[in-house]
There are 2 protein chains.
Amino acid sequence: MSLSRLIVASSYRAYPSRVPKLWRDTIAAHRREVRDAVLDATARLAGQHGVLNVTMSQIAEDVGIGRATLYKYFASVEEILQTWHERQISDHLQLLTEIAERDAPQEARLVEVLGAYAQIQRQRTDHAAHPHGSELAALLHHDAQVAPAERRLRDLVGALLADAAAAGAVRDDVPPDELASFCLHALGAAASTTSDAAVQRLVRLTLEGLQRPRQDPATAGT
Amino acid sequence: MSLSRLIVASSYRAYPSRVPKLWRDTIAAHRREVRDAVLDATARLAGQHGVLNVTMSQIAEDVGIGRATLYKYFASVEEILQTWHERQISDHLQLLTEIAERDAPQEARLVEVLGAYAQIQRQRTDHAAHPHGSELAALLHHDAQVAPAERRLRDLVGALLADAAAAGAVRDDVPPDELASFCLHALGAAASTTSDAAVQRLVRLTLEGLQRPRQDPATAGT
DNA sequence: TCTTTGCGATACATTGTGTCGCTGTCAAGA
DNA sequence: TCTTGACAGCGACACAATGTATCGCAAAGA
């Protein structure tokens, strides 16, 4: 008995400062902190070793809590990742909402929100969304560069666009490969559409984005 | 000895027809078939139980081979999924290449390739790419609907676009939520950009796609 | 001071992971 | 015809990860 007590006591001593000393604040606050620590640790581990290689054991050790304790917070790695993902988007959403509510001319608000969103996307080059289905590759081999086949896909479209630009059919103020990336991403929206008509509108939308802009780029210039 | 021989023999009998009888064709062909069967089974299991819950054991059983044998083909679930993903894109690429090489007017080829790509995206509503980072959610809970926060994000942008459309600043021939989806996807391309200038061009590109189209939608009309 | 509350840890049974070594089949050459 | 090298396949073993059941202990309130 005294032995186990000793062991427990020493293991408490061994705690890093990551997790609050226990009942340091109210229990609710404590739980929230542990929860967040778990989310952070999991994101870090996922980025480091790849999503598929993150284990509950690793997470628990990294956070500095017992593995069984972790199960009192989350039932699985999957659930943790989902929660983390939700938190990410919520954060983005909050930021963008603030921007949208600034008192600025209506058009300017749209421009600023979209600009901010683009910056957010740019930031997280890890866990990045790639052209069309690449979430798999992106998540599976964390650090990996774009899959070769994917690159060839972009090259194919890029070549078509370069030809079209040379013929004057599409704008030439943006490099063809950027146009290609734009197209492939934009058309990725087709995955979440319901009707065929919506897909057609999407394609039209994308194609018209490739056109040379009108003389008056008032909205776009900001 | 005779016992083990018997066991082996009977286990051969027990084989389902999925995997060819062994040396039925050349070894290379056989291996290719097994490989493909593994890829198919894995994709199916991933779609069914979620990517994180696919195990080598399951795959082996599903294909009808021993688990140890599976390891002679692939070292990990991750490797299988990557290979599957590469195969998918390669298939898409081949289809699109064929379309691109048809003898048609240059502009029409671009339109057709992009249209075909949109259709491909539309098909695979499972394993789908969602707006911006949703690959996580999309893959983690296979059947799940879009994460709530994500929907709110689209709603936010959709509302801004609706206002702008009412004010005549953006086109009104496409529903605002479709425009929002288009924007978010298109800006997702920012994740793979390198320079700030490229991000700015991307934002401009996206914004100009929201403008009312010009009188002459020659290219777009096809 | 003593009870209540609920967090955290140890322990255990189950399932999954890599790997090793053996068996059996085929094709080629003695 | 018989031997031999190459190679696919499987069983089994040692170890890691997973969930769960049970216990001990710290803090808050009477």
Side-chain angles (χ1 to χ4, degrees), chain A residues 1-16 18-35 37-38 42 45 49-80, chain B residues 1-16 18-35 37-38 42 45 49-80:
Chain A
M1 177 73 90
S2 61
L3 176 62
S4 78
R5 186 174 294 194
L6 191 70
I7 290 171
V8 169
S10 72
S11 77
Y12 271 178
R13 294 273 175 286
Y15 264 42
R18 311 192 57 137
V19 172
K21 265 291 186 281
L22 195 57
W23 282 279
R24 188 182 68 183
D25 297 316
T26 87
I27 294 180
H30 166 68
R31 279 192 73 86
R32 199 163 29 241
E33 284 180 47
V34 173
R35 237 181 87 96
V38 168
T42 304
L45 288 171
H49 307 302
V51 183
L52 290 186
N53 299 319
V54 183
T55 67
M56 293 293 265
S57 308
Q58 275 184 327
I59 297 170
E61 189 179 4
D62 197 276
V63 174
I65 61 177
R67 198 173 54 81
T69 304
L70 179 54
Y71 278 95
K72 295 209 172 171
Y73 287 83
F74 297 98
S76 64
V77 175
E78 184 164 333
E79 192 183 306
I80 300 178
Chain B
M1 178 72 90
S2 61
L3 176 61
S4 78
R5 185 174 296 196
L6 192 68
I7 290 172
V8 169
S10 72
S11 76
Y12 272 358
R13 294 273 175 285
Y15 263 43
R18 309 191 59 135
V19 172
K21 268 290 187 281
L22 195 57
W23 283 282
R24 187 180 70 183
D25 298 318
T26 87
I27 295 182
H30 166 68
R31 280 190 71 88
R32 198 161 32 240
E33 283 180 48
V34 174
R35 239 180 84 98
V38 168
T42 304
L45 288 171
H49 307 302
V51 183
L52 291 186
N53 300 317
V54 183
T55 66
M56 293 293 266
S57 307
Q58 275 184 327
I59 296 168
E61 188 179 3
D62 196 276
V63 173
I65 61 177
R67 198 172 56 82
T69 305
L70 179 54
Y71 278 95
K72 294 209 171 172
Y73 286 83
F74 297 98
S76 64
V77 176
E78 185 165 332
E79 190 182 307
I80 301 177

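Just so it is clear: chains get the letters A, B, ... in the order the sequence lines come, proteins before strands, and each one is counted from 1.
The interatomic distance linking A:Phe74 (CZ) with C:dG8 (P) rounds to 13 Å, in whole Å. Taking atom CZ of residue B:Arg35 and atom P of nucleotide D:dG9, one finds them 14 Å apart after rounding to whole Å. Taking atom CG of residue A:Leu70 and atom P of nucleotide C:dC7, one finds them 14 Å apart after rounding to whole Å. The distance from atom CD1 of A:Ile59 to atom C1' of D:dG19 is 15 Å, rounded to the nearest whole Å. Between the CD atom of A:Glu61 and the P atom of C:dA9 there is a distance of 12 Å, given to the nearest Å. Look at NE2 on B:His49: it is 18 Å from P on D:dT18, rounded to the nearest Å. Atom CG of A:Asn53 and atom C1' of C:dG16 are 14 Å apart (whole Å).
In this structure, the side chains of B:Ile59 and B:Ile80 come closer than 4.5 Å at one or more pairs of heavy atoms. A heavy-atom distance below 4.5 Å is not found between the side chains of A:Leu70 and A:Val63. In this structure the side chain of B:Asp62 never reaches within 4.5 angstrom of the side chain of B:Gln58, judged on heavy atoms.
Here the CD-NE2 distance, from B:Glu78 to A:His49, works out to 12.0 Å after rounding to the nearest 0.5 Å. To the nearest 0.5 Å, the span separating CD on A:Glu79 from OG1 on A:Thr42 amounts to 11.0 Å.
In terms of phosphate contacts, A:His30 brings no side-chain nitrogen or oxygen within less than 4.0 Å of OP1 or OP2 of D:dA27. Contact annotation: A:Thr69 does not reach the phosphate of C:dC7 (side-chain N/O to OP1 or OP2, under 4.0 Å).
No more than 12 heavy atoms of other residues, nucleotides or ligands shown are found within 6.0 angstrom of CD on A:Glu61.
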Polar atom pairs (N or O), protein with nucleotides 18-21 of chain C, under 3.5 Å:
from: C:dG18; atom 1: OP2; to: B:Tyr71; atom 2: OH; distance (Å): 3.2
from: C:dG18; atom 1: N7; to: B:Arg67; atom 2: NH1; distance (Å): 3.0
from: C:dG18; atom 1: N7; to: B:Arg67; atom 2: NH2; distance (Å): 3.4
from: C:dG18; atom 1: O6; to: B:Arg67; atom 2: NH2; distance (Å): 2.6

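Position along DNA chain C of the nearest nucleotide to B:Ser57 versus A:Arg31 favours A:Arg31 as the more 5'-ward residue.
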